[in-house]
**Student:** 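For reference, the structure I am asking about is given below.
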Amino acid sequence: MKKYNLSGVELSVKENVYAACSRMRIKIDDAEGVKVNIVKGDNAFLEIKPEEITISYVKKYQIFYALKMMAVNDRKKNFKKPIECAFEHFGVMMDCSRNAVPNVEFIKSYILNLAIMGYNELQLYTEDTYEINDEPMFGYMRGRYSTRELQEIVAYASQFDIDVVPCIQTLAHLNQIFRWNKYADIHDIDDIILSGSEKTYKLIDKMFTALENAFICRRVHIGMDEAHHLGRGKYLDQNGYNDASNIMLEHLKKVAEIAAAHGFEPMMWSDMFIRLLNNGHYDAASDVQIPDYVAANVPKNIKLVYWDYYRDDIKQYDAMFDLHAAFTENETVFAGGAWKWTGFAPKNNISCKRTSLAFESAAKHGIKSFFMTMWGDDGAECSWNAVLPTLSYVADLAYGDKEHDECFVAMTGLGFGDFCQLDMPDEGGYCPSKVQLYNDCFTGVFDTIISYEEQARYRDIAARLKKLSRIPSLYSYVFDCEAKLASALEIKAVLGKRTRELYIKLKTGDEQSVQETRKSLKKLVAKGYKPLIKLLTAFYDAFKTQWYRENKPMGFEVQDIRLGGLIWRVEHCMKELTKLINGDVAVLPELEEYQVSADVSGVNYHCNSYGKIVSANRLAW
């Protein structure tokens, strides 16, 4: 292995440089290594010559990106590459609001990888998970960041010249604060805050004061998306009907003024402007035009963020960028998606495919700011590290690097394709692994669309991921967690389907058939239910390890309830089935129920909602 002698490393960045070299398996030897001159200059580039290497940087994160590219190109005798990103602001957004709040040490580790990939911005999406002075119920028991924690994150990121951008909500997506009576007066409807209320703007002013105290960067994301019933609740009661577009613009003007008063430059999601004109849809229909009065009344200090993770045709991205061009005074920012929000497994292949189209379109339209979202949706079960292939791939696009596998191996020590095997549990559907995990053994509404082929599929997945989990790396725990999930699903996916089939056979067969079926049910208990409880417990332990490594403990109580409830429910069903086998009961009422095809009943198999999977009954009021 080639050795390197680093020279000229600033003291402020030296510890991080050595940490990055260790992570990338770059051997440092001050006596015999090839000399690497690290110098601050007017231009950023990497130059490799036989006797020495030069890394010239303008921003510190470029040092780390250059070290990765040095590792990728270490066999070349003469090589020079300018370090140029396609975007001025190039970042990722971490969703810190869906029960999982990444802990400070994990964020620091993630920042190191962001620097290695060449990102210069980290956005922390916090609906109510940040501390506001004199607002004890704001983010209460949700793992909110203290001001000191945010300052620590910001200070660490600044060592790489990476900006930490606060992302908050100032219109919708504030559902968790409205569970407390303290905020009843400023609740419009659903998760939407009451526009036009002085109390609302006092709280929003406090939000910006909190951000001002915690962050250095003065770019801010103010949300404003998906306020579908804006003005139809308390606002309507107090003010009468007002067109939602007018309410939106009036509220935005006020929020923009508050942001400016605190020295912030705001951006916001753009979808509401389009949805209000397009029957709730977020696409560039041929007859949708942004009215002049709307474009003219969007405050000039607002940047509009066009988010899109779903389109497979570049023409659709082009059309949406063209639609945003109607806002002539407002810069358009693009947000893509690193899919980690559909359950326990990521979707790197879909993410890379769609983002590559978005990237091409964004480049065509002169977009200056581009970031990748990492949402958590219904519980944030998926590891943050599981989408590293997507983030690495997008960074390669931004820097014009075509050696995707080499770049990824340099950063992680694992092959790009190997890492993408984490996608396997959810291949062929939106989130089948989550559906099949929580689908009930007796009342499973998804049984009719689950195939017995899933057993062999999960057996293969478990074997592959278990093998990858044994490779020593920072990411072994992620593979171990998903391997144990797949092992449990090899039994669990079809257990309810098999249970019901045998029950029907028991109830309808002749005497000889009944005896054979009873034996089959005993075998199902012995070879299905009993080992499943052990496999689910093993998965729970691995998942807990993953969660506590990456996130604060708050929010895991939800996973305890879900997975603990699942294990208890499997045991309950096993006991009831045993009663049937032993003749202690004659019927199992749940299995007597006629089962409607999930497709016919309108149940959406593309489902990432625990509440819609686990039961047809209501979980909460």
Side-chain angles (χ1 to χ4, degrees), residues 92-114 122-131 138-154 156-157 164 166-169 173 175-176 214 337-346 372-388 390-391 422 425 431 433-434 437 469 473-482 484-485 538-566 608 610:
V92 302
M93 175 185 281
M94 299 183 84
D95 180 356
C96 310
S97 298
R98 302 296 190 278
N99 294 350
V101 179
N103 64 59
V104 173
E105 288 308 309
F106 180 76
I107 287 184
K108 288 181 178 180
S109 177
Y110 220 76
I111 287 171
L112 182 57
N113 271 345
L114 293 182
L122 169 64
Q123 299 191 18
L124 297 179
Y125 177 79
T126 52
E127 293 172 356
D128 64 327
T129 49
Y130 58 100
E131 180 182 33
F138 193 87
Y140 176 62
M141 290 294 177
R142 294 252 290 141
R144 65 189 169 202
Y145 290 117
S146 67
T147 299
R148 182 174 294 180
E149 285 177 317
L150 290 172
Q151 290 171 339
E152 184 178 347
I153 292 168
V154 168
Y156 182 77
V164 182
C167 306
I168 61 173
Q169 285 289 358
H173 286 290
N175 51 294
Q176 291 309 109
W339 282 55
K340 64 173 295 295
W341 58 81
T342 61
F344 295 93
M372 297 296 292
T373 61
M374 298 185 288
W375 298 113
D377 284 19
D378 183 55
E381 300 101 338
C382 184
S383 166
W384 299 100
N385 280 326
V387 291
L388 282 177
T390 295
L391 300 185
L422 289 168
C431 48
S433 64
K434 185 170 181 176
L437 181 68
S469 74
S473 78
L474 283 174
Y475 314 102
S476 299
Y477 72 96
V478 183
F479 291 94
D480 179 61
C481 185
E482 281 205 26
K484 287 184 167 65
L485 171 64
F539 167 61
Y540 166 83
D541 290 339
F543 182 63
K544 181 180 177 182
T545 296
Q546 175 177 291
W547 183 284
Y548 274 74
R549 184 162 179 167
E550 297 184 357
N551 303 308
K552 293 187 176 186
M554 286 73 82
F556 192 75
E557 72 276 10
V558 173
Q559 307 299 341
D560 263 338
I561 292 165
R562 291 181 180 183
L563 291 170
L566 171 63
N608 181 29
Y610 166 81

**Student:** Quiz question: by atom type and distance under 3.5 Å, do the side chains of Y540 and D560 form a donor-acceptor pair?
**Tutor:** yes

**Student:** Are any side-chain N or O atoms of W547 and backbone N or O atoms of K552, one a donor and one an acceptor, separated by less than 3.5 Å?
**Tutor:** yes

**Student:** For Q559 and G379, indicate whether the former's side chain and the latter's backbone hold a donor-acceptor pair under 3.5 Å.
**Tutor:** yes

**Student:** Write down the atom of S433, the atom of P425, and the distance for their closest heavy-atom approach.
**Tutor:** CB-O, 3.8 Å

**Student:** Roughly how far, to the nearest 0.5 Å, is the CD1 atom of I107 from the CG atom of L112?
**Tutor:** 14.0 Å

**Student:** Quick one: closest heavy-atom pair of M93 and C167, and the distance?
**Tutor:** CE-SG, 3.6 Å

**Student:** Supply the atom-to-atom distance M141 CE to Q176 CD, rounded to the nearest 0.5 angstrom.
**Tutor:** 14.0 Å

**Student:** Is D480 reaching over with its side chain to a backbone N or O of A542, donor-acceptor style, under 3.5 angstrom?
**Tutor:** no

**Student:** Do E131 and S146 meet the criterion of a side-chain donor-acceptor pair at a distance under 3.5 Å?
**Tutor:** no

**Student:** Could you go through V104 and Y156, starting from their C-alpha distance and side-chain angles, then the distance that decides it, and tell me whether this counts as side-chain contact (heavy atoms from CB on, under 4.5 Å)?
**Tutor:** CA-CA 10 Å; V104 173; Y156 182 77; over 6 Å; no

**Student:** Using side-chain heavy atoms (C-beta onward) and a distance below 4.5 Å, is D95 in contact with W341?
**Tutor:** no

**Student:** When rounded to the nearest 0.5 angstrom, what distance separates CG in L391 from CG in N113?
**Tutor:** 9.0 Å

**Student:** Is the count of non-hydrogen atoms from other residues, nucleotides or ligands lying under 6.0 Å from K544 atom NZ greater than 12?
**Tutor:** no

**Student:** Would you say T126 and V101 make side-chain contact, with heavy atoms under 4.5 Å?
**Tutor:** no

**Student:** Heavy-atom distance under 4.5 Å between the side chains of F543 and C481, does that happen here?
**Tutor:** yes

**Student:** S109 side chain to E105 main-chain N or O, any donor-acceptor pair under 3.5 Å?
**Tutor:** no

**Student:** Rounded to the nearest 0.5 Å, what separation is found between the CH2 atom of W375 and the CE atom of M94?
**Tutor:** 12.5 Å

**Student:** What distance do F344 atom CZ and N608 atom CG have between them, rounded to the nearest 0.5 Å?
**Tutor:** 9.5 Å

**Student:** State plainly whether the residues R562 and D378 are in salt-bridge range, i.e. N to O under 4.0 Å.
**Tutor:** yes

**Student:** Quick one: do the Y477 and E550 side chains pair a donor with an acceptor below 3.5 Å?
**Tutor:** yes

**Student:** If only side-chain N and O atoms count, and only distance matters, is there a donor-acceptor pair under 3.5 Å linking Y125 with Q123?
**Tutor:** no

**Student:** If you draw a 6.0 Å radius around OH in Y548, do more than 12 non-hydrogen atoms from other residues or ligands fall strictly inside?
**Tutor:** yes

**Student:** Give the minimum heavy-atom separation between L474 and R549, together with the two atoms involved.
**Tutor:** O-NH2, 3.4 Å

**Student:** State, with a plain yes or no, whether a side-chain heavy atom of L422 is found less than 4.5 Å away from one of F479.
**Tutor:** yes

**Student:** Looking at T390 and A338, would you say the former's side chain and the latter's main chain have a donor-acceptor pair under 3.5 Å?
**Tutor:** no

**Student:** When the ring planes of Y130 and F138 are compared, do they come out parallel, tilted or perpendicular, using 30° and 60° as the limits?
**Tutor:** perpendicular

**Student:** List the atom of R144, the atom of E149, and the distance in Å for their closest heavy-atom pair.
**Tutor:** O-OE1, 3.8 Å

**Student:** Once rounded to the nearest 0.5 Å, what's the spacing between atom OG of S97 and atom CG of N175?
**Tutor:** 9.5 Å

**Student:** Within the side chain of Y110, is there an N or O that forms a donor-acceptor pair under 3.5 Å with the backbone of W384?
**Tutor:** yes

**Student:** Could you tell me whether a side-chain N or O of K340 sits under 3.5 Å from a main-chain N or O of C382, the two making a donor and an acceptor?
**Tutor:** yes

**Student:** Can you check side-chain contact (heavy atoms from CB on, under 4.5 Å) on F539 and L437, steps first, answer last?
**Tutor:** CA-CA 11 Å; F539 167 61; L437 181 68; 4.2 Å; yes

